[in-house]
Amino acid sequence: MLPSSILGRKAPALFRTLGQQPIRAFSCAAGDASASNRRLLIFGAPGSGKGTLAGWLGRDLNAPTQADVEPCTASAPGLTALSSGDLLRAEMRAGTPLGQSVEALINSGGLVPDDDMVKLIAGQLAAMDGSNWLLDGFPRTLGQAMALDEVLTSLTPSRQAPIDYVIHIDVPSEVIVERIAGRLIHPGSGRIYNRTFSPPKVPGVDDLTGEPLVSRVDDDPESVRRRLELYAQTSQPILDYYMDRGIVGRFTGPTSDAIYTTLLPQIQEILAPTVVLPSAEDLTCAATAHQVSA
Ligand code: G5P
Ligand code: MG
């Protein structure tokens with residue numbers, strides 16, 4: 001028996017492209033959808049595989065399901081993924097005032113000021129509220145984490161918690177530099193490739209559009225070193241901020257494929273279409289379970 005608040009009208013589908021696959025978000029709540037949607041973060045070092053894993057989640061959680069036939073009876077409720085880095089690169093490509101002002105900073109591996117980042121993300125969150133979403137690359141500082149809570153609380157004061165779950169991707173730093181050195185992206189969509197791990201079907205061109213792939217300017221060795229240093233300096237206070245609430249799940253493994261075997265079922269469970277939010281206690285258990293994974 002489905003709870004009455006998830007029965008009712010068919011909510012609009014949202015489309016977005018991330019990683020290798022189109023992402024479709026599907027919201028089934030008839031009443032206050034933004035009070036029952038799931039809000040997730042994916043957190044990890046540069047090159048740890050955040051964008052890759054977010055793309056796989058989007059692909060697998062948005063596969064056609066019974067929901068397409070009978071809305072609100074589905075087992076895969078969909079996920080909208082938003083990458084702060086993709087947003088910033090789009091601003092730079094479009095030559096907006098923000099894009100121009102942050103370009104040198106990003107290319108050299110620095111962090112964009114909190115005020116600019118919070119404005120950029122807050123504008124997107126209002127549009128995504130009511131669907132399940134996953135933020136990749138935001139927050140990056142404790143100040144951003146606190147500002148995010150404020151924005152979300154003002155969007156939906158009735159919610160139990162501003163953020164439901166934080167996916168912490170913990171990958172040995174030795175593998176990261178090599179991974180980033182082989183990365184190629186499709187600038188228009190943000191689709192991610194790697195010369196050895198996930199090469200395009202035709203060398204140098206995007207599988208879907210046939211357009212040229214490029215290396216990210218901030219993937220040069222000096223910028224990567226700076227980005228890794230900044231991550232080492234800023235990450236722990238953010239993790240502590242969410243760990244105090246018992247909402248962090250740590251996922252670790254030698255490859256993204258290995259991590260994904262534990263990540264996907266955990267996220268499916270969190271996104272299961274129910275209005276009953278997992279308790280902090282449940283999520284603490286989940287986080288503890290993942291901490292023992294190799
Ligand atoms: P971004 O764009 O958020 P980062 O530095 O956080 O950049 P990045 O580099 O995008 O993170 P990722 O998404 O964690 O890394 O990793 P990925 O792209 O999926 O994988 C990296 C490579 O490894 C790919 O080629 C992939 O194919 C390959 N790969 C994946 N898994 C495996 C595997 O198992 N094996 C192998 N061999 N390869 C694999 O932010 C960019 C900049 O924007 C600014 C900052 O300047 C930042 O540096 N910015 C912000 N500034 C302030 N505040 C914020 N909130 C900001 N957000 C962005
Ligand atoms: Mg990324």
Side-chain angles (χ1 to χ4, degrees), residues 18-20 41-58 81-92 98-99 101-122 124 134-145 147-148 167-187 189-200 213-220 222-235 238 251-261 263:
L18 181 141
Q20 313 294 337
L41 308 179
I42 187 161
F43 188 83
S48 58
K50 302 180 296 293
T52 299
L53 292 161
W56 292 352
L57 287 171
L82 184 71
S83 153
S84 57
D86 283 351
L87 281 180
L88 289 165
R89 284 183 285 278
E91 296 278 332
M92 292 193 286
L98 173 64
S101 73
V102 297
E103 186 155 8
L105 192 62
I106 291 176
N107 289 347
S108 64
L111 285 180
V112 173
D114 283 358
D115 285 354
D116 289 331
M117 282 314 302
V118 172
K119 263 187 231 149
L120 184 67
I121 297 291
Q124 304 286 324
L134 172 68
L135 284 186
D136 163 4
F138 186 93
R140 269 301 219 287
T141 64
L142 192 54
Q144 289 179 15
L148 178 61
I167 301 164
H168 174 207
I169 305 298
D170 196 358
V171 168
S173 51
E174 312 85 78
V175 303
I176 282 180
V177 174
E178 190 192 327
R179 283 185 186 186
I180 291 184
R183 175 162 52 192
L184 295 168
I185 60 160
H186 174 240
S189 66
R191 269 187 288 282
I192 304 162
Y193 298 86
N194 186 281
R195 288 190 180 88
T196 53
F197 174 71
S198 53
L213 301 176
V214 299
S215 293
R216 275 172 43 179
V217 179
D218 62 342
D219 278 352
D220 77 278
E222 184 54 26
S223 302
V224 172
R225 192 187 54 74
R226 175 88 184 114
R227 284 158 58 200
L228 288 168
E229 259 174 29
L230 278 173
Y231 180 77
Q233 287 163 15
T234 54
S235 54
I238 302 169
F251 296 84
T252 181
T255 64
S256 294
D257 295 276
I259 288 173
Y260 197 61
T261 58
L263 178 63

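As the structure lists them, so they are numbered: ligands from 1, and atoms in each ligand from 1. Starting from 1, each residue takes its place in the sequence as its number.
Around atom CG of Asp115, no more than 12 heavy atoms belonging to other residues, nucleotides or ligands sit under 6.0 Å away.
With sequence neighbours left out, Arg179 forms a side chain to side chain donor-acceptor pair (under 3.5 Å) with no residue at all.
Electrostatic pairing of Glu229 and Arg225 counts as a salt bridge here, judged by a charged N lying under 4.0 Å from a carboxylate O.
Here the side chain of Ser48 pairs no donor or acceptor atom with the backbone of Val171 at under 3.5 angstrom.
Protein residues with a heavy atom under 4.0 Å from ligand 1 are Ala45, Pro46, Gly47, Ser48, Gly49, Lys50, Gly51, Thr52, Ser84, Gly85, Leu88, Arg89, Ile106, Gly110, Leu111, Val112, Met117, Gly137, Phe138, Arg140, Gln144, Arg179, Arg183, Ile192, Tyr193, Asn194, Phe197, Ser198, Arg216, Asp218, Arg227, Thr255, Ser256.
Between Phe197 and Trp56, the two ring planes are tilted [angle within 30° to 60°].
Of the candidates Phe138, Tyr231, Phe251, Tyr231 is the only one forming a ring-ring contact (aromatic ring centres under 6.0 Å, His included) with Phe43.
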